[in-house]
Amino acid sequence: MKRSIIIDTDPGQDDALAILLALAASEVLDVRGIVAVAGNVPLTLTQLNARRLCDLAGRNDVPVYGGCSRPMMRDLITAENVHGRTGLDGYHWPEIKTPLQDRHGVDYLIETLLAADEGAITLATLGPLTNLAMALVKSPDCARGIGEIVMMGGGFFTGGNTTPAAEFNILVDPHAAHVVFTSGLPLTLMPLDVTHKALATPPRIARIAALGNEAGKACAKLLSFFNRHDVEKYGSEGAPLHDPCVIAYLLKPELFRGKDVYVEIETSSSLTLGMTVMDWWGVTGKAPNCTVMNQIDADGYFDLLSDHLARLP
Ligand code: BDR
Ligand code: CA
């Protein structure tokens, strides 16, 4: 049986590859809907970008919703310095065909989760957790429809990428992250500790460029754009390819290794706001609330990605 997933996202070049990977795996993943959130760029752009990716995958049938335009409490922080003005700079996008659904993304989440069998839906979150937290706050009962939440966010041993302590997705909306991490729902986290071991190096990008389809060409261009910022920032061979880790885990969990730990989100300190504080060594005695990944078979990850992108138009 296919796994039903909802993708919550702020595309973003790495979100783009994650969405395309999920849509390419249609024999095992049923992408029920995509909900956009403000993050890498404002919501007006992330909802457009989510629709562009459905077009590129030849999947105009996937419903795309607009969610929250700002975090629960803080002002929105965006990342045009990384992703470009549109969020998906690097590729010349044709006119959009996939429509934007009328319903608000948070209401879509609530209604879909309430109507689902218990634990039937997996949530794949690739951006700030605002939509999911708002759904859990507005309708606590909707939690019963969620089987698992797999998220990209946070970092512990790697430190932060937006402040010394905080990773972008969690820093944008730490209060939403707090709601999700205290929800008691099954959580799996792909933090920077794992994504910084999954680098989009030039040979890996060249392999995607050579797939011979439009999706491969587009992904290679997006990744080349994405690389320019991170290669300089980290002095690495390529940018960490964060968000597709979430989908790769759903397709092939054996690519990843991690540990069940207790994770708490810092919501008040001005110095470490948005930090994912992980009790890696069990020093608090608190019960683990999250499976945190810290190892990846990076070659296997890029094999999975290339093999799936090759199936797209
Ligand atoms: C995360 O922040 C965004 O810029 C990326 O899309 C990814 O979700 C990495 O910190
Ligand atoms: Ca993202």
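Note that ligands are numbered from 1 as they come in the structure, with each ligand's atoms numbered from 1 the same way. Atom set for the values below is all heavy atoms of this structure, side chains included, hydrogens, waters and symmetry mates excluded. This chain uses plain numbering: 1 for the first residue, then up along the sequence.
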Self-check item: Minimum-distance protein heavy atom relative to atom 10 (O) of ligand 1
Solution: Glu167 OE2, 2.5 Å
Exercise. Under 4.0 Å from a heavy atom of His83: give me the atoms of ligand 1 that qualify, with their elements.
Key: 3 (C), 4 (O), 6 (O)
Quiz prompt | Heteroatom distance test (Asn161, ligand 1): nitrogen or oxygen, under 3.5 angstrom | solution = yes
Quiz item: Can you find an N/O atom of His242 closer than 3.5 Å to an N/O atom of ligand 1?
Solution: no
Exercise. Check if Gln13 has a non-hydrogen atom at a distance under 4.0 Å from any atom of ligand 1.
Key: no
Quiz prompt | Close approach, Val82 and ligand 1, non-hydrogen under 4.0 angstrom | solution = no
Quiz item: For Asp243, what is the atom name of its N, O or S atom nearest to the Ca ion (ligand 2)?
Solution: OD2
Quiz item: For the Ca ion (ligand 2), does an N/O/S atom of Pro11 lie at less than 3.0 Å?
Solution: no
Quiz item: If two hydrophobic side chains count as joined below 4.5 Å and joins carry through other members, does Ile149 share a cluster with Val31?
Solution: no
Practice problem: Please work out whether any backbone atom (N, CA, C, O) or any side-chain heavy atom from C-beta onward of Asp15 is under 4.0 Å from ligand 1, and answer side chain, backbone, both or neither. | Solution: side chain
Self-check item: Phe225 six-ring face occupied by Arg228 cation (under 6.0 Å, within 45°)
Solution: yes
Quiz item: Which of the atoms of ligand 1 are close to Leu126, meaning less than 4.0 Å from one of its heavy atoms?
Solution: 8 (O)
Quiz item: Do Asp8 and Thr125 get their side chains close enough for a donor-acceptor pair, meaning under 3.5 Å?
Solution: no
Quiz item: Nearest to atom 4 (O) of ligand 1, what protein heavy atom do you find, and at what distance?
Solution: Asn40 OD1, 2.7 Å
Self-check item: Distance-only donor-acceptor check, side chains Thr291 and Asp260, under 3.5 Å
Solution: yes
Quiz prompt | Nearest-neighbour protein heavy atom for atom 6 (O) of ligand 1, which is reported as residue plus atom name and distance | solution = Asp14 OD1, 2.6 Å
Exercise. Decide whether Glu167 and Thr162 meet the rule of one side-chain donor and one side-chain acceptor closer than 3.5 Å.
Key: no
Quiz item: Going by distance alone, is a donor N or O of one side chain under 3.5 Å from an acceptor N or O of the other, for Asn49 and Thr46?
Solution: no
Exercise. Give a yes or no on whether Asp10 keeps an N, O or S atom under 3.0 Å from the Ca ion (ligand 2).
Key: yes
Quiz item: Do Glu214 and Tyr91 meet the criterion of a side-chain donor-acceptor pair at a distance under 3.5 Å?
Solution: yes
Quiz item: Should Thr130 and Asp173 be marked as a side-chain hydrogen bond (donor to acceptor under 3.5 Å, both in side chains) after you check the CA-CA gap, both sets of side-chain angles, and the distance that decides it?
Solution: CA-CA 6 Å; Thr130 319; Asp173 200 339; 2.8 Å; yes
Quiz item: Are side-chain N/O atoms of His242 and Asp14 paired as donor and acceptor at under 3.5 Å?
Solution: no
Quiz item: Which protein non-hydrogen atom lies closest to atom 8 (O) of ligand 1, naming both residue and atom, and how far is it?
Solution: Asp243 OD1, 2.7 Å
